[in-house]
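In what follows, chains carry the letters A, B, and so on, assigned in the order in which the sequence lines appear, proteins first and then strands, with residues in each chain numbered from 1. Excluded from the calculations below are hydrogen atoms, water molecules and symmetry mates; all remaining heavy atoms, backbone and side chain alike, are included.
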2 protein chains.
Amino acid sequence: MSCEDEAAEMLRRAGHKITPQRVLILRALRHAGGHISASQIAEQVRAAYPVVDVSTVYRTLDVLKRMRLVTATDMGQGDVVFEWAPATPHHHLICSSCGHVAELEHHYFDRLADQLAADFSFAADLHHFAIFGLCRGCQIEADA
Amino acid sequence: MSCEDEAAEMLRRAGHKITPQRVLILRALRHAGGHISASQIAEQVRAAYPVVDVSTVYRTLDVLKRMRLVTATDMGQGDVVFEWAPATPHHHLICSSCGHVAELEHHYFDRLADQLAADFSFAADLHHFAIFGLCRGCQIEADA
DNA sequence: GTTGGTGCAAATGATTTGCAAAAGG
DNA sequence: CCTTTTGCAAATCATTTGCACCAAC
């Protein structure tokens with residue numbers, strides 16, 4: 001069973017209907033293999049299915065977010081990027097100066113998650129963080 | 001010298017001009033003692049100075065952000081909240097379900113900051129983070 | 001059938017921008 | 001003076017919403 005089929009099955013079990021639009025949205029998310037915006041999803045879906053409105057994409061993404069099948073992250077580009085809930089959660093180091101994006105493995109957050117759970121009983125959603133700062137190159141420039 | 005005066009002095013040294021609007025924006029940020037949105041700042045400034053446009057507030061905030069005198073954080077309310085660069089940096093635990101906001105001391109991020117510097121030479125801006133998740137109460141509800 | 005889902009069009013709301021006038025240094 | 005800053009109005013642009021119609025189940 002493909003990943004989209006699994007997702008469709010989950011939707012069905014949660015009492016949601018399976019529509020061609022939703023299947024294609026799931027496929028776009030899966031196929032993106034990374035960040036993708038709502039309008040990009042709409043674009044991709046339209047390639048296979050002529051008419052899909054962005055509002056439908058947003059509504060579907062809302063459902064998927066609530067089911068934790070996708071993550072939403074503001075990378076500071078004005079829009080929000082979505083991502084298929086990654087099998088291996090990760091994060092991003094974004095340089096405020098040059099915009100360079102580096103990936104950060106999830107284990108850097110393990111301890112924080114544990115502490116938040118222990119100290120506050122807070123179940124943090126630490127699955128896709130955008131961390132802003134200065135990359136090595138831009139720090140050197142800033143010092144100059 | 002008051003805190004706003006210091007800020008004004010920094011602006012001057014950085015080659016920016018001191019205008020009544022900017023002084024009042026600085027005062028609003030300082031006086032807020034916490035999160036404040038661009039339109040709230042505009043509102044407060046107008047109380048003392050009749051005409052100030054939101055665009056001016058945004059433009060000033062841009063300057064202040066670049067000088068690291070204020071932090072900007074998306075707390076998930078549709079707008080961005082600004083805060084006087086806090087003497088004691090802190091973070092927020094925001095419940096995705098009930099919206100409750102708790103404060104988190106900065107030391108929870110000390111280790112992460114060190115690791116990012118050591119492993120990636122990345123100077124992370126970990127001064128005002130919004131962490132989403134479920135608070136204790138909403139976890140119990142979710143389990144029920 | 002009933003309920004939820006969709007497209008469309010219009011609204012919302014924060015943020016940005018062009019421009020001519022005003023003010024800081 | 002010369003440059004930056006401002007107010008105003010208009011433009012952007014992502015996201016949301018009302019509504020009538022359609023499609024899953």
Side-chain angles (χ1 to χ4, degrees), chain A residues 4-5 7-26 28 35-43 45-67 69-82 130, chain B residues 4-5 7-26 28 35-67 70-82 130:
Chain A
E4 299 124 62
D5 289 343
E9 190 52 37
M10 288 182 69
L11 281 174
R12 176 175 292 116
R13 265 191 238 120
H16 294 109
K17 296 181 178 172
I18 311 303
T19 66
Q21 290 92 331
R22 289 189 168 173
V23 173
L24 288 167
I25 290 169
L26 288 168
H35 305 146
I36 186 168
S37 70
S39 53
Q40 285 176 317
I41 293 175
E43 228 175 276
V45 172
R46 276 193 214 102
Y49 195 87
V51 201
V52 179
D53 197 72
V54 207
S55 63
T56 300
V57 175
Y58 278 109
R59 286 186 279 227
T60 301
L61 285 171
D62 259 0
V63 172
L64 297 175
K65 268 193 294 183
R66 241 173 280 137
M67 299 182 68
L69 292 176
V70 302
T71 60
T73 311
D74 183 353
M75 303 273 288
Q77 300 310 303
D79 56 1
V80 170
V81 290
F82 300 87
Chain B
E4 298 124 63
D5 289 343
E9 190 51 38
M10 290 182 68
L11 280 175
R12 176 175 293 117
R13 265 190 239 119
H16 294 109
K17 298 185 176 170
I18 311 303
T19 65
Q21 291 92 331
R22 287 187 169 173
V23 173
L24 288 167
I25 289 169
L26 288 168
H35 305 146
I36 185 168
S37 71
S39 53
Q40 286 176 316
I41 292 175
E43 226 174 276
Q44 289 199 21
V45 172
R46 274 193 216 104
Y49 196 87
V51 201
V52 180
D53 198 73
V54 207
S55 63
T56 300
V57 175
Y58 278 110
R59 285 185 280 225
T60 301
L61 285 170
D62 258 359
V63 173
L64 297 175
K65 268 192 295 183
R66 240 173 280 138
M67 300 182 67
V70 303
T71 60
T73 311
D74 182 354
M75 302 272 288
Q77 301 309 303
D79 56 2
V80 171
V81 290
F82 300 87

What is the distance, to the nearest angstrom, from the [atom1] atom on [X] to the [atom2] atom on [N]?
| X | N | atom1 | atom2 | result |
| --- | --- | --- | --- | --- |
| A/R46 | C/dT6 | CZ | P | 14 Å |
| A/I25 | C/dG5 | CD1 | C1' | 11 Å |
| B/Y58 | D/dG7 | OH | P | 15 Å |
| A/Q77 | C/dT16 | CD | P | 13 Å |
| A/K17 | D/dC25 | NZ | P | 8 Å |
| A/L24 | C/dG7 | CG | P | 11 Å |
| A/D53 | D/dC19 | CG | P | 17 Å |
| A/D62 | C/dG4 | CG | C1' | 15 Å |

A/D62 and A/K65: salt bridge (Lys or Arg N to Asp or Glu O under 4.0 Å), yes or no, with the steps? CA-CA 5 Å; A/D62 259 0; A/K65 268 193 294 183; 3.5 Å; yes
[X] near the nucleic acid: base, sugar-phosphate alone, or nothing, with a heavy-atom cut-off under 4.0 Å?
| X | value |
| --- | --- |
| B/V80 | sugar-phosphate |
| B/S37 | nothing |
| A/G15 | nothing |
| A/S55 | base |
| A/R59 | base |
| A/V52 | sugar-phosphate |

Might you point out which heavy atoms bring [X] and [Y] nearest each other, and give the distance in Å?
| X | Y | result |
| --- | --- | --- |
| A/Y58 | A/A38 | CZ-CB, 3.4 Å |
| B/R46 | B/V54 | NH2-CG2, 4.2 Å |
| B/I25 | B/T56 | CD1-O, 4.4 Å |

Toward the 5' end of DNA chain C, by each residue's nearest nucleotide, B/G78 or B/R12: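 On the 5' side of the pair lies B/G78.
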5′-ward residue of the pair B/S39/B/P20 relative to DNA chain C: B/S39
Of the listed nucleotides ([options]), which one gets closest to any side-chain atom of [X]?
| X | options | result |
| --- | --- | --- |
| B/D79 | C/dA14, D/dT6, D/dA24 | C/dA14 |
| A/T56 | C/dG7, C/dG24, D/dT6 | C/dG7 |
| B/T19 | C/dG24, C/dT6, C/dT17 | C/dG24 |

Donor-acceptor pair, side chain of A/R22 and main chain of A/T60, under 3.5 angstrom: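 Absent.
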Less than 4.5 Å apart, any side-chain heavy atom of B/L26 and any of B/L64? yes
If you find the nucleotide of DNA chain D closest to B/T60 and the one closest to A/I18, which residue's nucleotide is nearer the 5' end? B/T60
Indicate whether OP1 or OP2 belonging to C/dT6 is found under 4.0 Å from a side-chain N or O atom of A/R22. yes
Below 4.0 Å: OP1/OP2 of D/dA23 and any side-chain N or O of A/Q21: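 No, no such contact exists.
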